[in-house]
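Dumping the structure here so I can ask a few things about it.
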Amino acid sequence: MNTPSSVLVVGAGAAGLSVVESLRRKGYRERITLIGEETGAPYDRPPLSKQVLAGTWDAERTHLRTRDVLDALDTEFVLGDRALALDAATRTVRTGSGAELGAEAVVLATGLHARRLPGLSGTAGVHVLRTLDDAARIRGELLEAERVVVVGDGVLGAEIAATARLMGTDVTLTGPQAAPMQAQLGHDIARLLAALHTEHGVRLRPDTLVDALETTDGRVTAVRQVEGETIPADLVVSAVGSTPATDWLAGSGLLLEDGVVCDSRCRAADGIYAAGDVARFHHEALGRSLRLENRTNATEQAMLVAANILGEDRPYSPIPYFWTDQLGVKIQVYGLPTPTATVHIVEGGTEEGRFVAQYLDSDGSPVAVLGWNMPKQARGHRHHLLGRYTPAPAAAPR
Ligand SMILES: Cc1cc2nc3c(=O)[nH]c(=O)nc-3n(C[C@H](O)[C@H](O)[C@H](O)COP(=O)(O)OP(=O)(O)OC[C@H]3O[C@@H](n4cnc5c(N)ncnc54)[C@H](O)[C@@H]3O)c2cc1C
C-alpha cells in the first residue's frame, strides 16, 4: 500500500495517541483525525488504581501529554464523540454527533469496557474502575468507607485492594482463584502475593464466588458469597474482567472474536488496523492469536501499526510485559507463564523480599521471567525469552 492520504484513529487512549505520535515522528505530513469518546485530554490508566486512588496524584498528572505537545501533533482531535459504526469498505466512521469521518487508513484503538456484576446497575456504593471518572468516584467513597470488598482477584482487583489497604481501610478481596493473580503469576508466586496481602491486613477470600449483594435503601451493605459467608461492605469495587470495546463494530464485516481479529501485521482488513487492548493479533513465533491488556503493549503495538501504515510490513511478535505495584512490591512479568511451568529463583530470594524467578516449560525452555522488587535484574533475564517469542526469519529470497 502506498502512503495513505489520511489516517483516522478511533480511541484516544495510550494506543491511539501513540499511533498519531509515531506517524508524525516518522515524518507523516498528511491529515490525521483522532476520535475519542471521553471528553478530556488523553490520560494514562495504570496510575488510576495506584496514585489516583491513593490521592498522591491529581487527575492532571495522569495526562499523557501537555496541551502544547498535543497541539504540535497537528491532528484534529474529535473528543467527547463516540464512534457508532464503521463501514469497512469505504473506511468511514459514523459518530454520535452525526459526523461521518473517512480516511484511507483507519486504526481501531478503543480498548476495553469493564465487565459489571450482573444485575447491579443502580446500586449505590458499587463501582468498576476503568476511567479517570471511575477513579475519582471510588476515591471519594474510599475516604468515607470503613469496609471495602473488592470482588475479583486478578491484577486490577489485587491492586485496588492493596491501595485501599494502604489508605487504612478494612479490605476484603474475594475471587475464584486459590490466590490473587494466579492466572498471571502461576501458583507458587501467587501464594507469595497472597501472603503479602495477608501480612498487610487484607482479608482474602480465595476460591469463592459472589452470590448477591445486600442493600438498604438502594445502597450496598454486604456481599453474600455462594459459600455462605456474608461480608459487610459500605463500598464494593468489582474487578471481574473486561470486554473489548467492539460493540460499535458489529455489522462492520470485521472478524470480532474477543477483540478485533488481525493478522500478524495488526491488519484487520484492507487499510484497517487495530492496536492496544482491543486488538487480537497473530503472534508468529507462538503460532496463535493473542490479545494483550497491558500498557507497554499499547505503545509498542501502536508504533508497529504506524510503521505498517507507512508500508514497512513488519510482524508484531512482542515478548509480552506487564508490571504491577502492590504494598511496596513491584512485580514485573516478561513472557507468559504457562499453568504447567515450574518456577526457579535465579537471583535474590523470597525471604529477602526481592528475587528474579524464571518459569520453565516441561522441556526446560524458559517461557517467562518475573521480577519481585528487582526491576533491573529481571530485565537482564529477558533475553532468555527471545528464542520463544521471536519468529524464525523469513526465508531469504532466492
Ligand atoms: C486501573 C488500571 C490500572 C492498570 N494498571 C496497569 C499496570 O500497572 N501495568 C500495565 O502494564 N497495565 C496496566 N493497565 C492496563 C493499561 O492501562 C492498558 O493496557 C492501556 O490503557 C491500553 O490502552 P488502549 O489505548 O488500548 O486502551 P484505553 O486506554 O482503554 O483507551 C481506549 C479509548 O478508546 C475510547 N473508546 C472506546 N470506545 C470508543 C468508541 N466507540 N468511540 C470513541 N472512543 C472510544 C475509550 O473511551 C478510551 O479512552 C491498567 C489498566 C487500568 C484500567
Side-chain angles (χ1 to χ4, degrees), residues 8-21 33-54 62 64 77-86 93-97 99 101 106-115 127-136 138-139 150 152 154-160 162-163 181 184 237 239 241-250 252 259-260 266 274-280 291-302 305 318 320-326 329-334:
L8 173 64
V9 181
V10 188
L17 184 62
S18 288
V19 171
V20 175
E21 291 188 320
T33 309
L34 179 62
I35 307 176
E37 183 179 12
E38 296 181 77
T39 43
Y43 60 89
D44 214 9
R45 291 182 204 274
L48 302 186
S49 48
K50 309 171 186 74
Q51 296 89 342
V52 175
L53 272 198
T62 66
L64 286 163
F77 287 86
V78 182
L79 298 179
D81 202 1
R82 180 171 154 72
L84 295 183
L86 166 74
V93 170
R94 184 165 51 81
T95 73
S97 71
L101 302 165
V106 175
V107 183
L108 312 172
T110 46
L112 306 174
H113 294 309
R115 202 176 282 146
H127 298 275
V128 294
L129 175 53
R130 180 73 196 170
T131 66
L132 201 42
D133 287 347
D134 294 334
I138 296 172
R139 169 149 178 87
V150 181
V155 188
L156 193 54
E159 280 195 357
I160 295 166
T163 304
M181 290 183 64
Q184 291 83 14
V237 186
S242 321
T243 47
T246 55
D247 41 321
W248 67 283
L249 293 167
S252 65
V260 177
C266 304
D277 285 2
V278 80
R280 172 166 289 285
R291 195 172 58 72
L292 298 172
E293 295 180 6
N294 65 60
R295 181 61 184 82
T296 305
N297 175 67
T299 303
E300 290 182 349
Q301 193 168 22
V305 163
Y321 168 74
F322 78 92
W323 82 93
T324 175
D325 298 320
Q326 295 175 36
V329 174
K330 178 175 279 300
I331 299 173
Q332 295 159 293
V333 182
Y334 297 92

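Every number for a ligand or one of its atoms is a count from 1 in the order of the listing. Scope of the values below: all heavy atoms of this structure, side chains included, with no hydrogens, waters or symmetry mates.
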Below 4.0 angstrom from a heavy atom of E293, which ligand 1 atoms are there? Numbered from 1 as shown, please.
-> 19 (O)
Is there any N or O on L129 that sits under 3.5 Å from an N or O of ligand 1?
-> no
Where the side chain of R115 meets the backbone of T243, is there a donor-acceptor pair that is under 3.5 Å apart?
-> no
E159 neighbourhood, listing ligand 1 atoms whose heavy-atom distance to it stays under 4.0 Å = 8 (O)
P46 and side chain to side chain contact (heavy atoms under 4.5 Å, CB included): which partner among Q51, E159, R295?
-> R295
Evaluate the criterion side chain to side chain contact (heavy atoms under 4.5 Å, CB included) for residue pair V20 and F77; output intermediate values, then yes/no.
-> CA-CA 11 Å; V20 175; F77 287 86; 5.6 Å; no
Got a donor-acceptor contact below 3.5 angstrom from the D81 side chain to the G96 backbone?
-> yes
Which of the numbered atoms in ligand 1 are below 4.0 angstrom from a heavy atom of W248?
-> 41 (N)
Counting both backbone and side chain atoms, is some N or O of W323 under 3.5 Å from an N or O of ligand 1?
-> yes
For G13, take its heavy atoms, then give the atoms of ligand 1 lying under 4.0 Å from any of them.
-> 25 (O), 31 (O), 33 (C)
Atom 21 (O) of ligand 1: which protein heavy atom is closest, and how many Å away?
-> R45 CD, 3.7 Å
Under 3.5 Å between some N or O of ligand 1 and some N or O of A83?
-> yes
Please report which non-hydrogen protein atom sits nearest to atom 27 (O) of ligand 1, along with the residue it belongs to and the distance in Å to one decimal place.
-> G111 CA, 3.5 Å
Just by modelled atom types, is the A83 backbone N or O under 3.5 Å from a matching donor or acceptor in the R94 side chain?
-> no
Counting both backbone and side chain atoms, is some N or O of E37 under 3.5 Å from an N or O of ligand 1?
-> yes
Closest non-hydrogen protein atom to atom 12 (N) of ligand 1, residue and atom name please, with distance?
-> R295 N, 3.3 Å
Is the shortest N/O to N/O distance between K50 and ligand 1 below 3.5 Å?
-> yes
If we ignore angles and hydrogens, is there a donor and acceptor under 3.5 Å between the side chains of E300 and Y321?
-> no
With a 4.5 Å limit on heavy-atom distance, are the side chains of Q184 and V333 in contact?
-> no
Nearest non-hydrogen contact to atom 22 (C) of ligand 1 from the set V278, V9, V93, D277 belongs to D277
Quick one: pull up OG1 in T110 and CZ in R82 and give me the separation to the nearest 0.5 Å.
-> 9.0 Å
Just let me know how A109 lines up against ligand 1, side chain, backbone, both or neither, with a heavy-atom cut-off below 4.0 Å.
-> backbone
Would you mind telling me if ligand 1 is within reach of the side chain of P46, the backbone, both or neither, using heavy atoms under 4.0 Å?
-> both
Distance from atom 37 (C) of ligand 1 to nearest protein heavy atom, with residue and atom = T110 O, 3.1 Å
Salt bridge present between R45 and D277 (N-O < 4.0 angstrom) = no
Just need the protein heavy atom nearest to atom 23 (O) of ligand 1, so name the residue and atom and give the distance.
-> A298 CB, 3.6 Å
Say whether, by atom type as modelled, one donor and one acceptor occur between the side chain of S49 and the main chain of L156 under 3.5 angstrom.
-> no
Provide, to 0.1 Å, the distance between atom 53 (C) of ligand 1 and the closest protein heavy atom, together with that atom's residue and name.
-> R130 NH1, 3.7 Å
Looking at F322, which atoms of ligand 1 are within less than 4.0 Å of one of its heavy atoms?
-> 11 (O)
For A279 and R291, work out which heavy atoms get closest and say how close.
-> O-CG, 3.1 Å
Sole residue of L84, I35, T33 in side chain to side chain contact (heavy atoms under 4.5 Å, CB included) with V93 = I35
Carefully, step by step, assess R139 and V52 under the rule side chain to side chain contact (heavy atoms under 4.5 Å, CB included).
-> CA-CA 8 Å; R139 169 149 178 87; V52 175; 5.7 Å; no
Residue G276 vicinity, atoms of ligand 1 by number, heavy atom under 4.0 Å | 26 (O)
Specify the protein heavy atom at minimum distance from atom 3 (C) of ligand 1: its residue, its atom name, and the distance to 0.1 Å.
-> S49 OG, 3.3 Å
A14 neighbourhood, listing ligand 1 atoms whose heavy-atom distance to it stays under 4.0 Å | 25 (O)
Does the T324 side chain pair with the main chain of I331, one donor and one acceptor, at a distance under 3.5 Å?
-> no
For ligand 1, the portion of D325 having any non-hydrogen atom under 4.0 Å away = neither
Kindly confirm or rule out an N or O of A15 lying under 3.5 angstrom from an N or O of ligand 1.
-> yes
In the protein, what heavy atom is nearest to atom 1 (C) of ligand 1, and what distance, to one decimal place, separates them?
-> L156 CD1, 3.4 Å
Main-chain N/O of G276 paired to Q301 side chain as donor or acceptor, under 3.5 Å = yes
Distance-only N or O hit between ligand 1 and N294, under 3.5 Å = yes
Sub-3.5 Å N/O-N/O distance, Y321 and ligand 1 = no
Least distance between heavy atoms, S252 atom then L249 atom | OG-O, 2.6 Å
Should E38 be counted as touching ligand 1, given the test is an N or O pair under 3.5 Å?
-> yes
